[in-house]
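Sequential numbering from 1 along the given sequence is applied to the chain's residues.
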Amino acid sequence: MTTMDPLMTPLGQMLLEEITPVVMLISTPSVEEASRKNGLSFLQMLTPFCSFDNIDVPVRTASDQPYRLHKFKLRLFYASDVKRPDLKEAKEQLKQVISEAGEKEFPDSNSDLPKINLELSSSSEYENTPSWFRFLNKELVRVASFSDHEAFDHPVICLLAVSSKDEQPINRFVDFFNTNKLPSLLNDGAMDPKVSKHYLLVHDNQDGPADRASKILTEMRSTFGTSDCTLLCINSSLDGPFKHQDNPWASYITNSSSSPTQDLGCFLKMDDIDEIKVLMQDLSSKHIIPNMEQKIRILNQQVSATRKGFRNQIKNLWWRKGKEDGADSLNGPAYNFNSIESQIRVLGDYAFMLRDYELALSNYRLISTDYKIDKAWKRYAGVQEMMGLTYFILDQSRKEAEYCMENAFNTYLKLGSLGQLNATRCGLWWIEMLKARDQYKEAATVYFRICGEDILHSAVMLEQASYCYLLSKPSMLRKYGFHLVLSGEQYKKCDQIKHAIRTYRCALSVFKGTTWSYINDHVHFHIGQWYASLGMYDVAVKHMTEILYCSHQSKTTQELFLSDFLQIVQKTGRTFEVTKLQLPVINISTLRVIHEDHRTFGSPSAANIREGLWRSLEEEMLPSFSAAKTNWLELQSKLILKKHNQNVCVAGEAVKVTIEFKNPLQISIPISTVTLVCKYSSSTDEVISNENESSMEKDNKVDRFRNMSSDNSSFMVSEVDFLLGGGETTMIQLSATPKEEGTLEIIGVRWKLSGTIVGFYNFELGQPKKNILKRRKTKHLPNEKFKFMVIKSIPKLQGSIHPLPGKAYAGDLRQLVLELRNPSEFPVKNLKMKISHPRFLIIGKQENMMSEFPACLRKNTDSVQSVMHDNPNITTDTVFLFPEGTSVQGETPFLWPLWFRAAVPGDISLCMSIYYEIGDVSSIIKYRTLRLHYNVQVLPSLDVSFQICPFRSRLEEFLVRLDVVNKTSSESFQVCQLSSVGHQWEISLVQAPDSIFPSQSLMAGQAISCFYTLKKSRRLSTLGDDVSTSPVRSDARLVPQIIEDIVYDVNSAPLVNFHHHERLQQEVSSKGDINTVDFVLIYRPFRSSDDPGLSTPSSVMSHHACHFSTASTGPISWLVDGPQTMHHDFSASFCEINMKMHIYNSSGATTFVRIDTLDSAGNGGHINSVNVVQSATTDNQAGWHDITPVNELKVTSNALETQSGKALSLESASSYIWSGSSSTHLNIEAMSSVEIPLQICVFSPGTYDLSNYVLNWKLPSNGQGDSDEKRQHSGQCQGYKYYLTVLQST
């Protein structure tokens, strides 16, 4: 890596400009007057020509080896400006420079934030830092000029300028030698008053020919010498102002007092400029440089003779011995210009300006020790400062250079105010030295050290330090932003508002897009306040809007932000419009657009149901255009919709938009005038052409909100006002209603915050755009959900169901009415309807409208009518067709009955879709659907359970246990009746109703149990029976007849319809079981509830229990018929008793049955059932045997079974034996019964349990009931208890 020449670095260039020979200028008023014609002072006129980039002058200083200067510069100062620096004047001058820079660098209100380029390098530092930093740093260096402790500000020559029109010019030159007119530094001995002089005669060509000037020049040369006198002619443009293409004074004059229309140097022609160039170049090469060379050689000889060498050094140390023990003094000893110490300093500074850095460094080293011993700290610091700069230029020792600069800086700081300006200058040079070596982080620390107590000074230094962090490797962005904020705070304290805004804006470049919410809020808040103080309210509001979304802040801070924001807006005196207002927050993900084309909604909740659910509900009702033939008109309407590829809405029908508004703050905010922003066009082609708009136009759509009025004669929009509490979220529905055909586009939403600020939100910019890949090119299309083709008005049905309760108890049965209205003049026809949950809602018949509820549910006493309803025609079609010719038109409502039953507890969502066709054939839309949706909360009422067991004493009769529990917390119910559905069962109550319900009601939390007998009906078994005289008792009332003589008919509509759906819902696996019974429990509220939304006393409630099987022991049931008590004389013989067994096959197939009887084992007649089976059969005889099916009953004896009884010993002889067949095989036909004779022999008196028999049954594999794989095909039934008492007869 090649190192840069130190003189080519920013510090090297600064030293070549600032540490150069000084020319002191003294001019007469006439000279200044001639110069002012060009808008310049005489010094300003000469300044651009004091820098020589191509000079070639040989230089020989102390050594015999000459070298050449190719660049050289002079510094011109009026004699009045050659004076010691004043701290107060310096501060005022710097304040003026900073203020002017603030005005010049203040960013435009519409400008973007400055961008941060992380690929910066040291060479590009001055391209990426504010340009006024360099000018300010030069001023900070210059205000420390003409200090008495350094010599490079001593004038090397005095240029005396007298005008040719001055009287007695020679005398004027002589008057300049008066010591009263010389600077105080020359008169006080700080500088050498014997400065070489150059005499310049200035002639204004506008005053006439130069003849007089030539005479005066001749006289001057005879008086002052030929080489020291020069004539300069200016203002040669006699014909008028002369315009320069490249004005040489433009870059030097920063604060010209000339008028803006006057050009600088307007009377100076190129000949005049050339004369000035020659003058200054001759002055440098023929006078200044030679004089400096000569003085360096003379001084070097004097220093060598007095100070150099071992002997002179010992003498100097001896002479200064004891001075270092003296007390410190801020000023130190005074040194005259002709003292040896001052002469050595002059020698070093002259050598430095002529770039003999080795000679300069040797003299600085020589004098440094003397100043330190003498405790001349300011002079010591100055020498250390020059040593550090010399080390840097020689590029010899970086460590020594930094040590000298730090030593000089610390020494200046110890001097307080006396060394403050020099400390700042030393610090700036030190910083540039570190920057040249890419030590930006270390340079930033030096900036902090030179901040000082002056607030404005520290603000500038903090800002410059921040850029050091930006330029460091790697970049320290957080420190960069943090120190910019610190700098801005300091600027604000000094009322430098524009500088504060500029630094805060730069800091925003760092914090923007980060999660540092608090610092972001701080910066935007103060920028907004500062812009407002400048009267720039538009920009202030722009920044204040960035802090409105401050949910992370405390409530107090949120109130402060919002109140200041509103105050700034009020100061504008108008309603402010903000395109990116963050309060309230709009949750675009919740945005839903609801429009009605062929789909219409009868309630807002219907629009919130998933479209897929509606489609599945309506797919059987809608016509299939793919299968049916389509005429040209229908085809045209479909092509129109496909061509436009957009939504369709109807004129006069609202397009609704629901969107969520959220308040992120902890304080309430009032929101008013919330409306949709829409765009309407009478042509349908305009929206299509808008799809080809460029993305740039789309991005600027927000800015066009202000030009879109919500008050349009072609459409209407709704307005909503609401108050959002702290942290509250609310869903708002807005609507736009087109009045005529055309195209409607919803752009976004607008609202007003606190009545003063109008906010906008563009829906399309918040939604993702669709990408359509076509011909390998991606095309971005706008979101089509916000664009609508408006067609002419068509009929729209309005529907409602009443009185549908919002809450109901489970089982509640109600009669409802569907009301349809068609406000249009055109009729609608071909109505169809489908309901999502027929378990809860079914469609009635037209005649039900005239019936009274609940009287229509009563059972008619005419048994013939009851039989007619035995098999009601229950409609299984899912789509209900209204009667042919049904039409809805005009204001007359169309009514149709509905039945509602709260089937099960829970939150029930009921959906209903009504299809209808439009009579106007000219419309694009041929049919429409009305979608209705209702939510019903069903609460638990009664918990009902059943248990069925057969009677052992009667065949085909059962005992039913009903358990009812009231699950409500406050409601009482009256249980009215229990009914069996159909006419194949008869049911009757075992107990009296009064004993079950003493209080006639079932109170909250109460549970009861009651018993019923259930048996098969014999009424229809014989075709010849007279059905009118043998009614079936399928209903059992639980209310005494004296209280209410009402029986509800569960076999007629609507109860039988609801029961049909309950059977489908409660369907069990054993579908082939025909021995099932269904129950319906009718009950009602005993008294009205406090909640008006719940059941009323006129309500009827029903509970449906389905598929209860009566075949608890399989397909067979049996009954043993015989005597219970007998008397017999056992002294004569044993007792023979004849009995019968009735067996009934309740299955739908022929059943094979085997009866095994087992004798008593002598244990008192009580035989264990397991032992019975084991003793009855041997291992070889156990199990089933092949039996040939027969069509008639056959009773056979199995002799093998009886042999086991003969093997019993006498001790174990039975007290009774089965004397009939011990194993009987039967074939019983379906749904038939048989009778089997049984006989036992009893040998002694006693009571005997005759349950020691087993019935084994088996269904054929090819039987009729073999449809269900899970059904049991065989089984074994143990005999039930049957006690026989035999007594000894007397």
Side-chain angles (χ1 to χ4, degrees), residues 10-11 14 18 85 87-88 90-102 105 122 125-126 128-144 381 385 402 405-406 408-417 419-436 439-472 476 478-507 510:
L11 176 58
M14 186 184 295
E18 301 302 328
L87 189 58
K88 290 184 179 180
K91 287 184 178 181
E92 289 298 325
Q93 183 179 352
L94 291 175
K95 184 177 180 180
Q96 182 180 357
V97 171
I98 295 172
S99 299
E100 292 175 356
E105 299 289 332
S122 59
E125 173 195 350
Y126 290 101
N128 296 279
T129 54
S131 59
W132 67 278
F133 280 177
R134 298 188 291 277
F135 179 75
L136 176 66
N137 291 341
K138 288 181 181 179
E139 290 298 318
L140 289 172
V141 170
R142 288 170 183 170
V143 294
E385 183 180 6
E402 293 183 15
M405 296 304 292
E406 184 170 11
F409 181 77
N410 292 333
T411 306
Y412 278 133
L413 289 180
K414 291 178 181 178
L415 298 175
S417 60
Q420 182 175 343
L421 296 177
N422 296 98
T424 301
R425 183 190 66 184
C426 177
L428 292 175
W429 281 345
W430 185 12
I431 288 168
E432 294 299 329
M433 186 184 299
L434 294 171
K435 287 181 180 180
Q439 295 177 287
Y440 288 97
K441 186 177 179 181
E442 291 78 5
T445 60
V446 181
Y447 274 123
F448 302 150
R449 297 175 66 179
I450 61 178
C451 283
E453 297 180 357
D454 184 75
I455 299 177
L456 181 59
H457 182 74
S458 65
V460 177
M461 294 304 144
L462 284 171
E463 184 180 2
Q464 296 195 60
S466 66
Y467 283 94
C468 290
Y469 288 118
L470 176 64
L471 295 166
S472 60
M476 307 171 72
R478 288 204 295 181
K479 285 195 173 184
Y480 165 67
F482 176 68
H483 287 90
L484 282 174
V485 172
L486 292 180
S487 173
E489 287 293 320
Q490 299 295 85
Y491 278 129
K492 173 59 176 62
K493 294 177 181 178
C494 305
D495 294 329
Q496 296 287 340
I497 304 298
K498 294 186 176 181
H499 275 298
I501 292 175
R502 183 181 51 79
T503 53
Y504 266 51
R505 278 172 54 89
C506 293
V510 179

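Contact record, Tyr412 with Ala423: CB-CB, 3.5 Å, taken as the closest heavy-atom pair. Heavy-atom minimum distance, Val143 versus Leu421: O-CD1, 3.8 Å. In terms of heavy atoms, Gly488 sits closest to Tyr504 at CA-CE1, 3.7 Å. Between Leu484 and Tyr467, the shortest heavy-atom contact is CD2-CE1, 4.4 Å. When every heavy atom of Leu462 is checked against every heavy atom of Ser487, the shortest pair comes out as CB-CB, 3.9 Å.
Residues Gln439 and Glu402 have side chains in contact (heavy-atom distance under 4.5 Å, counting atoms from C-beta outward). Residues Ile497 and Tyr491 fail the side-chain proximity criterion, which asks for heavy atoms closer than 4.5 Å. Side-chain contact between Arg449 and Asn410 is present, with at least one heavy-atom pair separated by less than 4.5 Å. Side-chain contact check for His457 versus Thr424: some heavy-atom pair is nearer than 4.5 Å. Counting heavy atoms from C-beta outward, Lys88 and Lys91 have side chains that stay 4.5 Å or more apart. Taking 4.5 Å as the limit, every side-chain heavy atom of Ser466 sits out of range of all side-chain heavy atoms of Tyr447.
Taking CD of Gln496 as the start and NZ of Lys498 as the end, the distance is 10.0 Å to the nearest 0.5 Å.
Classification of the His483-Phe448 ring pair by plane angle, with boundaries at 30° and 60°, yields parallel.
Every residue meeting the ring-ring contact (aromatic ring centres under 6.0 Å, His included) condition with Trp132, not counting sequence neighbours, appears here in chain and number order: His499. Partners of Thr411 according to the side chain to side chain contact (heavy atoms under 4.5 Å, CB included) rule, which considers only residues two or more places apart in sequence or in another chain, are Trp377, Tyr380, Ala381, Asn407.
Exactly one residue among Arg425, Met461, Gln420 makes a side chain to side chain contact (heavy atoms under 4.5 Å, CB included) with Ile450. That residue is Met461. Tested against Leu434 for a side chain to side chain contact (heavy atoms under 4.5 Å, CB included), the candidates Met405, Lys441, Glu442 yield a single pass: Glu442.
The neighbour count for Lys492 NZ, taken as heavy atoms of other residues, nucleotides or ligands under 6.0 Å away, does not exceed 12. In Phe133, the CZ atom is crowded: over 12 heavy atoms of neighbouring residues, nucleotides or ligands sit closer than 6.0 Å.
No donor-acceptor distance shorter than 3.5 angstrom exists from the side chain of Ser99 to the backbone of Gln96, with no hydrogens or angles considered.
Between the side chains of Gln464 and Asn137, at least one donor-acceptor pair of N or O atoms lies under 3.5 Å. Judged purely by distance below 3.5 Å, without hydrogens or angles, the side chains of Ser458 and Gln490 pair a donor atom with an acceptor atom.
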